[in-house]
Amino acid sequence: MDHEPFPSATFPDAARRCAEIVLDNLGRPYPYAAHHVRRSAEDTAMPHELHPAFGTSFDWHSCVHMHWLGVSVLDSGALPEETAAELRAALGENLTAEKLAVEAAYLAANPSWERPYGWAWLVRLAAACSGSDDAGLRGWGENLAGCVDTVAELATAWLGTAEYPVRHGLHTNSAFGLAWMVDAFRSLGRADAARACEAAARRWFADDAGWATEWELSGQDFLSAGLSEADLMARVLAPGEFAAWLGWFLPDLGAGSRMLAPVGVADETDGYMVHLHGLNLSRAGQLARIVAALRDAHDAAGSPEPVLAAAVQPLFAAGLRGLDSGDFMSTHWLASFAWDAAESIEALGEHEPA
């Protein structure tokens, strides 16, 4: 998978900055929030024993997407040789078949754990590795196959029984997880799991209309629940069908909407308040992908595309400032969202209206 380094106007010095953040995170065993359910007094395993591959970076899901970020940066070809070698060694130390087998077994033994957010980042990591032109990264993708098998089974079972989606702006948001899983499963050739994601998306969200854009924001969101849903449906519906659906779903969205406005963070050391930096970044990336889908629909009459496109860069710039805080409550996760948004913004720049 070929990547071009991001132009400085989008994400200045992206590869170097992200590589430094990944290396710092992978070398930080503490603080670590294990989220482990102890089943007896004898259950005293340490995080690195429970999670030999993903036992740093504050918590499991952040460690997984720090590995995704590291793989993405390495695959970009934008790093100096010495830094690339250091990053490759740090990632390779964790992405071994033996360590990942332990991770897959833990997921299988705890079927609702990290659902669906951690699942989504794990299969996205596998897709990034498997889709690379780099033989070493593809080898890590092979090592991740057991984890992908496990997540595919867990996700298919969950989607077959869950009656309702989770619609808030935190980790358990159903639409956000489904969006990345459906892409990753498609990329990895897991057609059955991809179809299960597509069916759940249609069942849960196809009839939604009149989303309350002015009321969805809460004080610790890092996701827009409404835009997460739209980002998912842009992957599931054909472009024309999606454009019509979005008109029903967000009928009153305008340039002054709170959904499109950057938000600030009052306390950089508060792990929940800094989520709002991520909200700016995730909104920017989601809007860029939504705008691309609307452009594919080739229906300019009444389209919100110009309004949505105008909001992308201000949101991204506001979120990117969160990387400069230097506080671990931001740095253990935020760079992944910055890279993701930058990729989508760069792709949108090459996807101008006809």
Side-chain angles (χ1 to χ4, degrees), residues 5-33 35 54-70 72-73 76 78-79 83 86-87 90 117-118 121 169-171 173 176 217-224 227 258-288 311-346:
F6 296 131
S8 59
T10 302
F11 189 171
D13 204 12
R16 180 194 62 79
R17 292 173 69 185
C18 288
E20 289 178 355
I21 289 169
V22 172
L23 288 167
D24 176 69
N25 272 277
L26 298 192
R28 284 204 194 201
Y30 300 105
Y32 190 82
H35 307 300
F54 305 122
T56 61
S57 311
F58 188 72
D59 52 26
W60 191 87
H61 52 254
S62 298
C63 194
V64 172
H65 67 70
M66 275 291 141
H67 282 75
W68 169 85
L69 177 61
S72 298
V73 171
S76 75
L79 288 174
T83 306
E86 184 180 3
L87 182 58
Y117 183 78
W121 280 113
L170 293 172
H171 304 81
N173 180 280
F176 183 84
L217 177 63
S218 64
Q220 58 189 37
D221 287 350
F222 66 91
L223 302 171
S224 161
L227 293 181
R258 292 178 69 201
M259 179 182 273
L260 303 180
V263 294
V265 173
D267 182 356
E268 299 282 354
T269 68
D270 188 297
Y272 283 111
M273 288 188 190
V274 298
H275 277 180
L276 296 174
H277 285 315
L279 178 64
N280 289 324
L281 291 171
S282 63
R283 280 176 166 176
Q286 288 169 339
L287 284 170
V312 171
Q313 285 292 351
L315 284 164
F316 183 76
L320 199 60
R321 287 194 287 272
L323 287 182
D324 296 328
S325 73
D327 193 279
F328 187 54
M329 286 299 100
S330 291
T331 60
H332 80 271
W333 66 283
L334 202 59
S336 301
F337 282 78
W339 186 278
D340 170 74
E343 282 193 320
S344 293
I345 293 168
E346 291 300 312

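Considering only residues two or more places apart in sequence or on other chains, R258 meets the side-chain hydrogen bond (donor to acceptor under 3.5 Å, both in side chains) condition with none of them. A search for side-chain hydrogen bond (donor to acceptor under 3.5 Å, both in side chains) contacts involving D221 returns S218, not counting sequence neighbours. Partners of E20 according to the salt bridge (Lys or Arg N to Asp or Glu O under 4.0 Å) rule, which considers only residues two or more places apart in sequence or in another chain, are R16. By the side-chain contact (heavy atoms from CB on, under 4.5 Å) test, P31 is found to be paired with F58, F328, residues two or more places apart in sequence or in another chain being considered. By the ring-ring contact (aromatic ring centres under 6.0 Å, His included) test, Y32 pairs with no residue at all, sequence neighbours left out. Q220 meets the side-chain hydrogen bond (donor to acceptor under 3.5 Å, both in side chains) test with no other residue; sequence neighbours excluded. In this view, H277 satisfies the ring-ring contact (aromatic ring centres under 6.0 Å, His included) rule with no residue, not counting sequence neighbours. Taking the side-chain contact (heavy atoms from CB on, under 4.5 Å) definition, one finds that L87 meets it with A19, V22, L23, V73, L74, L79, L91, sequence neighbours left out. Take H275 and apply the side-chain hydrogen bond (donor to acceptor under 3.5 Å, both in side chains) test, not counting sequence neighbours, and it matches no residue.
Remark: W333 CH2 to W121 CH2 distance equals 10.5 Å, nearest 0.5 Å. Here the OG-NE2 distance, from S57 to H67, works out to 7.0 Å after rounding to the nearest 0.5 Å. One distance of note links CG of L276 with CG of L281; it measures 11.5 Å at 0.5 Å rounding. Expressed to the nearest 0.5 Å, how far OH of Y272 lies from CZ of F222 amounts to 10.5 Å. Within the model, atoms CG of D59 and NE2 of H65 stand 7.0 Å from one another, a figure rounded to the nearest 0.5 Å. Distance check: S224 OG to L217 CG gives 9.0 Å after rounding to the nearest 0.5 Å.
Nearest approach of A318 to N280, heavy atoms of both residues: CB-ND2, 3.8 Å. Looking at every heavy atom in both residues, L320 comes nearest to P12 through CD2-CD, 3.9 Å. Contact record, L26 with M66: CD2-CB, 4.5 Å, taken as the closest heavy-atom pair. Here the closest non-hydrogen pair linking A335 and L69 is CB-CD2, 3.7 Å. The two residues A338 and F316 come nearest to each other via the heavy atoms O-CE1, 3.5 Å. Heavy atoms only, all atoms of each residue included: L315 and A284 are closest at CB-CB, 4.0 Å.
Judged by distance alone, with hydrogens and angles left aside, the side-chain atoms of T10 form no donor-acceptor pair with the main-chain N or O of A342 at under 3.5 Å. Checking side-chain atoms of S325 against main-chain N and O of G322 turns up a donor-acceptor pair under 3.5 Å. With hydrogens and angles ignored, the 3.5 Å screen pairs a side-chain donor or acceptor of N25 with a backbone N or O of T331.
Looking at W68 and S336, their side chains come closer than 4.5 Å, going by heavy atoms from C-beta outward. The shortest distance between side-chain heavy atoms of W339 and I21 does not fall below 4.5 Å.
Sorted by first and then second residue, the salt bridge (Lys or Arg N to Asp or Glu O under 4.0 Å) pairs involving residues 316-330 (not counting sequence neighbours) are R17-D324. Among pairs with a residue in residues 267-284, those fulfilling salt bridge (Lys or Arg N to Asp or Glu O under 4.0 Å) read E216-R283, at least two apart in sequence or across chains.
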task = Output, in order, the C-alpha distance, side-chain angles, deciding distance and verdict of side-chain contact (heavy atoms from CB on, under 4.5 Å) for L279 and V263.
result = CA-CA 8 Å; L279 178 64; V263 294; 4.1 Å; yes
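The aromatic rings of H61 and Y117 stand perpendicular to each other, their planes meeting at an angle above 60°, with 30° marking the opposite boundary.
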